2 protein chains.
Amino acid sequence: MNVQRSKEKRITIHDIAREIGIAPSSVSKALNNLPTISDRIKVLVRAKAKELNYVHNSGAANLRKGTSQLVGVVVPRINAAFFSDVIAGIEEKCFEYNHRLIICQSDETFVREVQAVETLIQQNVDCILISLSKETKTNLHLKEIVDRNIELIQFDRVDESFKSHIIVNDNEKVALKAVKHLLSQGYKQIAYFGGAEHIPAYKERKKGYLAALKSAGINIPYQHVVDDVSQKERAYITAIELLKGNNPPDAFFTVSDHAALGILSAIKELGLKTPEDVGIVGFANETFTEATCPTLTSIDQQSRKMGLMASDIFFKKFREKEKQPSLRKQETLVIKSTVVIRASSSRKK
Amino acid sequence: MNVQRSKEKRITIHDIAREIGIAPSSVSKALNNLPTISDRIKVLVRAKAKELNYVHNSGAANLRKGTSQLVGVVVPRINAAFFSDVIAGIEEKCFEYNHRLIICQSDETFVREVQAVETLIQQNVDCILISLSKETKTNLHLKEIVDRNIELIQFDRVDESFKSHIIVNDNEKVALKAVKHLLSQGYKQIAYFGGAEHIPAYKERKKGYLAALKSAGINIPYQHVVDDVSQKERAYITAIELLKGNNPPDAFFTVSDHAALGILSAIKELGLKTPEDVGIVGFANETFTEATCPTLTSIDQQSRKMGLMASDIFFKKFREKEKQPSLRKQETLVIKSTVVIRASSSRKK
DNA sequence: ATTAAAATGGAAATCGATTTCCAATATACT
DNA sequence: AGTATATTGGAAATCGATTTCCATTTTAAT
């Protein structure tokens with residue numbers, strides 16, 4: 001579909017120029033406050049611009065300058081709590097630096113992710129912040145981005161094999177800490193409910209989990225380590241199975257609060273109690289974690305902060321480039337996440 | 001800040017034209033699949049475009065065509081569950097119609113809302129979807145939008161006095177229904193916890209609440225009808241006060257689930273029980289409503305659907321305009337919301 | 001007063017794609 | 001064959017702002 005807005009006529013610098021009898025170029029300079037224009041003219045121009053209700057056309061300027069002041073974001077789901085918080089952070093920072101934000105969602109599919117990237121390139125964005133979809137296993141589209149000299153910043157769900165700025169949580173470390181916390185509460189048979197296996201964030205969390213058990217000298221039956229059960233429903237079903245089995249876990253560490261919710265239902269369903277019989281630790285510190293019964297221990301990923309810092313990489317780089325255009329090192333930032341201990345894992349008073 | 005991307009050189013239609021020895025205009029026509037170009041050339045052009053890794057520059061096309069295929073959204077908070085769901089709906093529809101989405105948040109302040117609108121005008125968006133901030137009491141910035149022939153669609157938090165497309169929930173009706181539900185459960189002293197008074201959505205909900213009480217012939221002490229307590233903290237404090245007073249309510253109808261959360265804490269704090277002693281109905285059907293203890297009765301606003309329908313107004317209009325450019329009637333759509341009955345308000349089995 | 005230097009405003013090219021004419025060629029029709 | 005009619009591709013203008021010179025004017029300096 002291709003649509004023509006019935007546009008009367010947009011006021012341009014030419015209109016301003018004509019009205020006060022100067023050249024359009026002078027108007028541009030005046031509006032941009034260049035030193036080569038006298039204050040007298042600047043005042044005139046600004047007044048007339050206001051009078052005519054002039055609005056700068058960023059698209060036109062963009063074309064000429066080769067810069068759009070546009071930042072693109074691609075996430076699996078706009079309305080997942082974690083991502084919407086990150087986006088809020090990004091937006092805040094962009095606003096501070098007078099940049100605009102274009103947001104696309106991949107819907108967890110690879111095709112739409114690629115399309116989103118293409119779209120952002122078409123829009124001539126200056127920077128792309130991306131968190132990969134579940135399906136994404138190749139990175140030609142990322143290469144496409146850097147090939148066109150667009151800054152690329154991957155966050156949370158990243159492809160580590162692809163060189164770019166990367167910003168993630170200290171997933172392994174915090175997972176280790178969380179599981180140690182469970183151990184300290186006397187839980188011994190701690191099961192793991194993970195996400196899609198190839199996603200680094202989940203791999204890391206699993207590593208941390210395994211490390212904690214190892215350091216405690218605990219052996220876990222293989223059935224207790226399950227991948228791809230981050231959805232509530234699947235977690236519920238799997239938890240029921242395990243708890244009914246002949247070697248039931250006495251605690252769950254999971255990579256998502258939604259999974260934790262499913263586990264909680266399963267526990268209640270079987271007439272067990274949390275935290276007395278079975279402990280739970282979730283991940284993401286969703287709003288609902290402090291509203292559940294019992295309240296849920298979870299991991300605060302500092303999502304807003306991640307958004308702030310991710311975009312800050314880009315803006316900082318701008319400042320650097322102004323001084324030193326050759327600067328191009330890739331940063332990898334790790335955001336410290338914390339275990340928020342609530343009732344679901346506290347059985348020692 | 002003003003930044004220059006170190007751009008090697010973007011491949012343009014001129015490059016394609018030069019390589020195969022035809023005119024740039026022909027390349028444009030070929031890529032746009034105009035009938036005035038032979039298939040032979042079209043094939044050549046497409047092949048060469050792929051070979052050179054050409055990407056269309058929407059900004060340039062936008063400038064020439066006067067259309068950006070861009071849709072702007074302004075919301076108080078990107079990461080509030082309701083808004084992020086609406087945005088997800090909008091994004092889905094935009095994707096379907098091959099439009100891009102620019103998102104701004106007003107942070108509930110009027111200044112930033114005005115800036116956001118200005119920004120979107122600068123970007124030459126074809127349509128603006130807006131939900132007003134708490135502070136917004138004037139509408140010059142909305143006038144600004146329609147004056148520039150940009151489609152304006154207000155949703156949820158709207159200024160009814162300003163003529164535009166409007167899409168809202170059936171707030172009054174559903175509030176009435178919710179309060180009647182409370183009455184049916186035997187609650188009599190039902191308090192109201194509202195939001196900022198001048199926002200129509202809240203006004204409507206209050207109207208529905210009052211209507212339900214009136215139709216039941218119930219008189220409510222004025223202290224039980226409180227505005228501007230949609231935040232969790234404030235709701236908590238106010239609920240404690242009321243419950244400790246000498247005419248305590250036996251139920252709360254509130255315009256926000258967060259307020260409901262605060263009320264729930266207050267009730268627990270005072271050693272009372274929900275739903276036995278005090279009933280609660282929230283609003284928005286946030287994720288956590290089914291995780292609380294007891295689960296929270298709430299109102300499902302169908303936020304995603306609101307997003308879909310809101311943007312659809314715009315796209316439908318496009319189709320109409322193509323046939324009949326004079327068409328310009330303003331639609332007001334009402335989305336039916338439903339009461340989701342859960343434990344917090346069910347004391348009759 | 002004369003020359004040099006600094007300040008100020010303008011003309012024109014430019015960014016990349018679209019679109020309006022127009023010219024040239026091809027096809028159809030007496 | 002000769003005229004009329006389609007087809008097809010190109011030249012040039014255009015969208016709105018920026019930017020690079022360049023020309024003039026003003027100020028400073030001797």
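In the text below, chain A, chain B and the rest are named by the order of the sequence lines, each starting its count at 1. Note that the structure is a prediction, hence the values are computed from the model and not measured.
Interatomic distance, CZ of A:Phe314 versus CG of A:Leu129, reported as 8.5 Å (0.5 Å rounding). The structure places CD of B:Glu113 at 5.0 Å from CG of B:Leu132, a figure rounded to the nearest 0.5 Å. From A:Leu44, atom CG reaches atom CD1 of A:Ile20 across 5.5 Å, with rounding to the nearest 0.5 Å. A:Lys29 contributes atom NZ, which lies 12.5 Å from atom CG of A:Leu31 (distance to the nearest 0.5 angstrom).
The residue A:Ser28 sits close to a base: some heavy atom pair falls under 4.0 Å. Residue contacts for A:Leu31: at a heavy-atom cut-off of 4.0 Å it reaches no nucleic acid atom on any strand shown.
Here the nucleotide nearest the side chain of A:Ala61, chosen from C:dT18, D:dA17, D:dC15, is D:dA17. Nearest to the side chain of B:Ile13, among C:dG16, C:dT18, D:dG9, sits C:dT18. Closest to the side chain of A:Thr36, from the set C:dG10, C:dT18, C:dT8, is C:dT8. Between D:dA17, D:dC15, D:dG10, one nucleotide has an atom nearer to the side chain of B:Leu63 than all others, and that is D:dC15.
In summary, B:Glu92 and A:Arg112 do not engage in a salt bridge, as defined by a charged side-chain N under 4.0 Å from a carboxylate O.
When rounded to the nearest whole Å, the span between CG of A:Leu44 and C1' of C:dG9 equals 13 Å. Atom CG in A:Asp39 sits roughly 12 Å away from atom C1' in C:dT8 (whole-Å rounding). The CZ atom of A:Arg40 sits 13 Å away from the C1' atom of C:dA7 (whole-angstrom rounding). Taking atom NZ of B:Lys42 as the reference point, atom P of D:dT8 lies 9 Å away to the nearest angstrom. Taking atom CD of A:Gln122 as the reference point, atom P of C:dG16 lies 15 Å away to the nearest angstrom. Nucleotide D:dG10 holds its C1' atom 9 Å from the CD1 atom of B:Ile37, rounded to whole Å. Put simply, CZ on A:Arg148 is 13 Å from P on C:dG16, counting in whole angstrom units. Going from atom CD1 of A:Ile20 over to atom P of C:dG9 covers 11 Å, rounded to whole Å.
The side chain of A:Asn57 contributes no N or O atom lying less than 4.0 Å from OP1 or OP2 of D:dC15. Note on B:Ser38: every side-chain N or O is 4.0 Å or more away from OP1 and OP2 of D:dT8. One finds no side-chain N or O of A:Asn62 lying less than 4.0 angstrom from the OP1 or OP2 phosphate oxygen of C:dC15.
Between A:His141 and A:Phe110, a ring centre-to-centre spacing shorter than 6.0 Å is recorded.
Of the possible donor and acceptor atoms, one in the side chain of B:Ser68 sits under 3.5 Å from a partner among the backbone N and O of B:Asn124. Proximity of a side-chain donor or acceptor of B:Lys42 to a complementary backbone N or O of B:Asn32 within less than 3.5 Å is not detected. Side-chain N or O atoms of A:Thr12 include one that pairs as donor or acceptor with a backbone N or O of A:His14 at under 3.5 Å.
Between A:His99 and A:Phe315, the ring-plane angle classifies as perpendicular under the 30° and 60° cut-offs.
Over its full length, the helix from C:dA1-D:dT30 to C:dT30-D:dA1 turns its helical axis through 40°, comparing axes from the five pairs at each end and rounding to 10°.
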Look for any protein N or O under 3.5 Å of an N or O in nucleotides 11-13 of chain C and output each such pair with its distance, or none.
from   : atom 1 : to      : atom 2 : distance (Å)
C:dA11 : N6     : A:Ser25 : OG     : 3.4

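Place B:Ile41 and A:His14 on DNA chain D by their nearest nucleotides, and B:Ile41 ends up nearer the 5' end. Projected onto DNA chain C by closest heavy-atom contact, B:Ser26 and B:Ala60 fall at different nucleotides, the more 5' of which corresponds to B:Ala60.
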